[in-house]
Amino acid sequence: MAPYIAVSALSHEGLVREHNEDSLTVGPWTLCATVTTNPQTLLFPLGPPCVVAVADGLGGHPGGEVASALVARRLAVGGGGLDGEEAVRDELQECNRAVYAATAGDPELAAMGTTVAGLVLLPGQAVVFNVGDSRVYRITGDGLQRVSVDDSPPLPPGRRTTSVVTQTLGGSLGLTFVEPHVRTAPLTVGDRYLVCSDGLTDPVTEEELSGVLARPSDTSERADGKAAFELWKAAIEAGGPDNITLALVRIGE
């Protein structure tokens, strides 16, 4: 049987925010600033480039949901041409320019911005990318391995999270150059990844996330849908202080 990509995803406003400013890309499919009450599972052949990404609109700035949706839709439309690291870097630069261009002549959108983190899945390799503090984890038998790089200042001893982000797409009044974090990892059948906004990782520790993902289950998309729900539930039980968006990725055969 040919290998395939299975993605179980959801997006929710949490318990504190008035609306959802996160957006999600899974192949050509997007979920922009919209709430899902149950995980959605999508299947794609492993062959043409397939993007799975989360964009988290900046809170405290106008138009966060506009910025995240713009980036998610660009990645969905252009994702089929992202065949390696250079193409991904170029696309993220174009996303950055597009966010700034969208603010022109509209004072209500001044300084809007978004983070982004995700994967481009190709036969034999996964291109991991991020700008900001949304994250990508590889799920291993030993727990979670963070493969994205937070754009945040160093934390003082004893502190686990911060709301300060040092690099985003957009987010200031004038065009600012970004340096995306991009790396390539081998990809084989059985590999699993978690892509998520900080609405999951701020209230829920990596140890707790690992505990949910390590629970005994069959290796099926149905199990991933249940795990996605359990991750969301953990964030809600921890207070749901921010929008929660996550995608569990599995390479099946």
Side-chain angles (χ1 to χ4, degrees), residues 5 7 9 22-28 30 44 46-58 67-101 113-140 144-154 164-172 175-188 191-198 200-201 206 245-251:
I5 302 161
V7 184
D22 288 357
S23 294
L24 176 70
T25 303
V26 182
T30 59
F44 303 91
L46 180 60
C50 180
V51 178
V52 180
V54 168
D56 179 356
L58 298 183
S68 72
L70 187 158
V71 169
R73 288 173 178 142
R74 279 192 64 99
L75 291 174
V77 170
L82 301 181
D83 56 1
E85 290 188 17
E86 183 177 356
V88 171
R89 287 191 178 93
D90 290 346
E91 179 59 29
L92 293 174
Q93 296 291 353
E94 289 303 316
C95 285
N96 186 49
R97 294 186 186 97
V99 172
Y100 282 106
T114 183
T115 71
V116 68
L119 301 158
V120 181
L121 300 163
L122 300 156
Q125 63 180 11
V127 182
V128 182
F129 62 86
N130 80 284
V131 177
D133 60 356
S134 292
R135 291 180 179 174
V136 182
Y137 292 94
R138 186 167 181 265
I139 304 167
T140 72
L144 292 180
Q145 175 192 3
R146 193 189 308 178
V147 290
S148 57
V149 180
D150 282 358
D151 285 312
S152 300
V164 179
V165 183
T166 57
Q167 181 174 233
T168 59
L169 302 177
S172 61
L175 178 63
T176 301
F177 180 76
V178 294
E179 296 186 15
H181 305 281
V182 183
R183 59 173 290 191
T184 300
L187 187 71
T188 61
D191 283 354
R192 299 174 69 205
Y193 283 90
L194 168 64
V195 183
C196 60
S197 63
D198 65 350
L200 176 64
T201 54
E206 291 182 357
T245 300
L246 64 99
L248 283 174
V249 180
R250 178 192 298 272
I251 305 302

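A donor-acceptor contact shorter than 3.5 Å is absent between the side chain of Thr168 and the backbone of Thr115. Remark: side-chain polar atoms of Thr114 are paired, donor with acceptor, to backbone N or O of Asp56 under 3.5 angstrom. Panel note: side chain Asp90, backbone Ala87; no donor-acceptor pair is recorded below 3.5 Å. Proximity of a side-chain donor or acceptor of Asn96 to a complementary backbone N or O of Gly170 within less than 3.5 Å is detected.
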Could you go through the side chain to side chain contact (heavy atoms under 4.5 Å, CB included) check for Leu194 and Leu246 one step at a time? CA-CA 7 Å; Leu194 168 64; Leu246 64 99; 4.1 Å; yes

List the steps and the verdict of side chain to side chain contact (heavy atoms under 4.5 Å, CB included) for Leu75 and Val116. CA-CA 10 Å; Leu75 291 174; Val116 68; 3.9 Å; yes

Could you walk me through whether Ile251 and Tyr193 pass side chain to side chain contact (heavy atoms under 4.5 Å, CB included), step by step? CA-CA 9 Å; Ile251 305 302; Tyr193 283 90; over 6 Å; no

Show, in sequence, the C-alpha distance, side-chain angles and deciding distance for Leu144 and Ile139, and conclude whether the side chain to side chain contact (heavy atoms under 4.5 Å, CB included) test is met. CA-CA 5 Å; Leu144 292 180; Ile139 304 167; 3.7 Å; yes

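Applying the side-chain hydrogen bond (donor to acceptor under 3.5 Å, both in side chains) rule to Tyr137 yields the partners Arg135, Glu206; only residues at least two apart in sequence or on another chain are considered. In this view, Glu85 and Arg89, Thr184 satisfy the side-chain hydrogen bond (donor to acceptor under 3.5 Å, both in side chains) rule, not counting sequence neighbours.
Side chains of Ser197 and Asp22: a donor on one and an acceptor on the other come within 3.5 Å.
For the side-chain contact (heavy atoms from CB on, under 4.5 Å) with Asp133, the lone residue among Thr201, Val165, Val164 that qualifies is Val165.
Between Leu169 and Leu70, the closest side-chain pair of non-hydrogen atoms is not below 4.5 Å.
Taking every heavy atom of both residues into account, Glu179 and Gln167 meet most closely at N-OE1, 2.5 Å. Here the shortest heavy-atom pairing between Val195 and Gly118 reads CG1-CA, 4.0 Å. Contact detail for Asn130 and Ser148: the closest heavy-atom pair is OD1-CB, 3.5 Å. Across all their heavy atoms, Leu24 and Ala247 have their closest contact at CD1-CB, 4.2 Å. For the pair Pro180 and Leu92, the tightest heavy-atom approach, listed with the atom from each and the gap, is CB-CD1, 3.5 Å. The minimum heavy-atom distance between Leu58 and Gly171, with the atom names listed, is CD1-CA, 3.9 Å.
Heavy atoms of other residues, nucleotides or ligands lying less than 6.0 angstrom from CD of Gln145 number more than 12.
Here the straight-line distance linking atom CG of Leu122 with atom CG of Leu187 works out to 8.5 Å at 0.5 Å rounding. One finds the CG atom of Leu248 at 6.5 Å from the CZ atom of Arg192 (value rounded to the nearest 0.5 Å).
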